[in-house]
There are 2 protein chains.
Amino acid sequence: MKNKSEDYQKMIKTYLEHNSCPVAATMSVIGGKWKSIILYLISHDVKRFGEMHRMIDGISKKMLTSQLRELEADKIIHRKVFPVVPPKVEYTITERGLSLRPLIIAMREWGLENVLKIRHYT
Amino acid sequence: MKNKSEDYQKMIKTYLEHNSCPVAATMSVIGGKWKSIILYLISHDVKRFGEMHRMIDGISKKMLTSQLRELEADKIIHRKVFPVVPPKVEYTITERGLSLRPLIIAMREWGLENVLKIRHYT
DNA sequence: CTGAATCCTTTATGATACTG
DNA sequence: CAGTATCATAAAGGATTCAG
């Protein structure tokens, strides 16, 4: 209990004094509307832009672009441009991106155990 | 590898056919702008509305209300109203809410290890 | 004290057309 | 093919006021 309390105190301290929460930080990396599925697709194998655009139902090119750029900025994925005509761009997952796998899996488990039981997603 | 591939196939199937992803589902529960800190505060001990409003710097009463209502709808927290004047309302964490702890902690760890190193939060 | 109601501003996302 | 640019709409969030 001592540990847990100290942990809590440190967290609140971080929150309240520096207003920078590690949890929120992580959320800002993986919390985008389409980021989890993009991560899931890319973590399996290399993907091209159009390929993902076709696979992810309902996403616009604009959104796909912005989500990819954010993931790239956070060094979760890598964007490789081939100087060919027509253009070819490949997205791959980085080491840092791979380190998110346990988290994604844990969220998936929790979702299966909890949310999908009490809610409807269309 | 077989397992992982099947896992992936199932996930993509879920995503693409039913458009209901367990990861996104979990995200919809804990991904709100202020939910992680609310959870963290409440998981420590019972909190009243005004108490949280004072502790969470920058949150409006409107936002606090809506975030609390969403957490309540997802059965993560419980809202207990005392029929007194002036009004008194206590928020407590539920069993389901407690089951989120490992997830929150994992996100916190990842954030500390990764995001806080490469970004600035103000 | 714990909100609800209203109005307003900002941000996010969509649709469409265009380009190297 | 892989985007960008532009315009339009929707959703999120803030400020303020009111009420039991």
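Lettering of chains follows the sequences in order, A, B, ..., and the numbering in each one begins at 1. What you see is a predicted model; the values in this text were computed from it and never measured.
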Output the rounded distance in Å from [atom1] ([X]) to [atom2] ([N]).
X     : N      : atom1 : atom2 : value
B:K47 : C:dT2  : NZ    : P     : 13 Å
A:F49 : D:dA2  : CZ    : C1'   : 6 Å
B:I56 : D:dG13 : CD1   : P     : 14 Å
B:E51 : C:dT2  : CD    : P     : 9 Å
B:Y91 : C:dT2  : OH    : P     : 8 Å
A:R48 : D:dG3  : CZ    : P     : 10 Å
A:L64 : D:dG3  : CG    : C1'   : 10 Å

For B:R48, give me all partners under salt bridge (charged side-chain N to carboxylate O under 4.0 Å, His left out), at least two apart in sequence or on another chain.
none
With sequence neighbours left out, the residues meeting salt bridge (charged side-chain N to carboxylate O under 4.0 Å, His left out) with B:E109 are none
Mind checking what makes side chain to side chain contact (heavy atoms under 4.5 Å, CB included) contact with A:V85, not counting sequence neighbours?
none
For B:V84, which residues count as a side chain to side chain contact (heavy atoms under 4.5 Å, CB included) partner, sequence neighbours excluded?
B:F82, B:K88
Check which hydrophobic residues are tied to A:V46 through side-chain heavy-atom contacts below 4.5 Å, counting indirect links as well, and list them.
none
Counting the atoms with a prime plus P, OP1 and OP2 as sugar-phosphate, which does B:R69 contact under 4.0 Å by heavy atoms, base, sugar-phosphate, or nothing?
sugar-phosphate
Under 4.0 angstrom, heavy atoms only, what part of the nucleic acid is A:R54 near: base, sugar-phosphate, or nothing?
nothing
side-chain hydrogen bond (donor to acceptor under 3.5 Å, both in side chains): which pairs involve residues 59-69 of chain B, sequence neighbours left out?
none
For B:T94, all residues meeting side-chain hydrogen bond (donor to acceptor under 3.5 Å, both in side chains), sequence neighbours excluded
none
All side-chain hydrogen bond (donor to acceptor under 3.5 Å, both in side chains) counterparts of B:S99, not counting sequence neighbours
A:W110
Supply the atom-to-atom distance A:I56 CD1 to A:I38 CD1, rounded to the nearest 0.5 angstrom.
4.5 Å
Have a look at the helix from C:dC1-D:dG20 to C:dG20-D:dC1 and give the angle its two end axes make, five pairs each, rounded to 10 degrees.
50°
Using a cut-off of under 3.5 Å, enumerate the N/O to N/O pairs linking the protein to nucleotides 12-14 of chain C.
residue : atom : partner : partner atom : Å
C:dT13  : O4   : A:K62   : NZ           : 3.4
C:dG14  : OP1  : A:K33   : NZ           : 3.4
C:dG14  : N7   : A:K62   : NZ           : 3.4
C:dG14  : O6   : A:K62   : NZ           : 2.3

Polar side chain donor-acceptor pair, A:S43 to A:R101, under 3.5 angstrom
yes
Contact list (N/O, under 3.5 angstrom) for nucleotides 17-20 of chain D vs protein:
none

Between A:E90 and A:R79, does at least one N-O distance fall below 4.0 Å, as a salt bridge requires?
no
Out of D:dA2, C:dA4, C:dC1, which has the shortest distance to the side chain of B:T65?
C:dA4
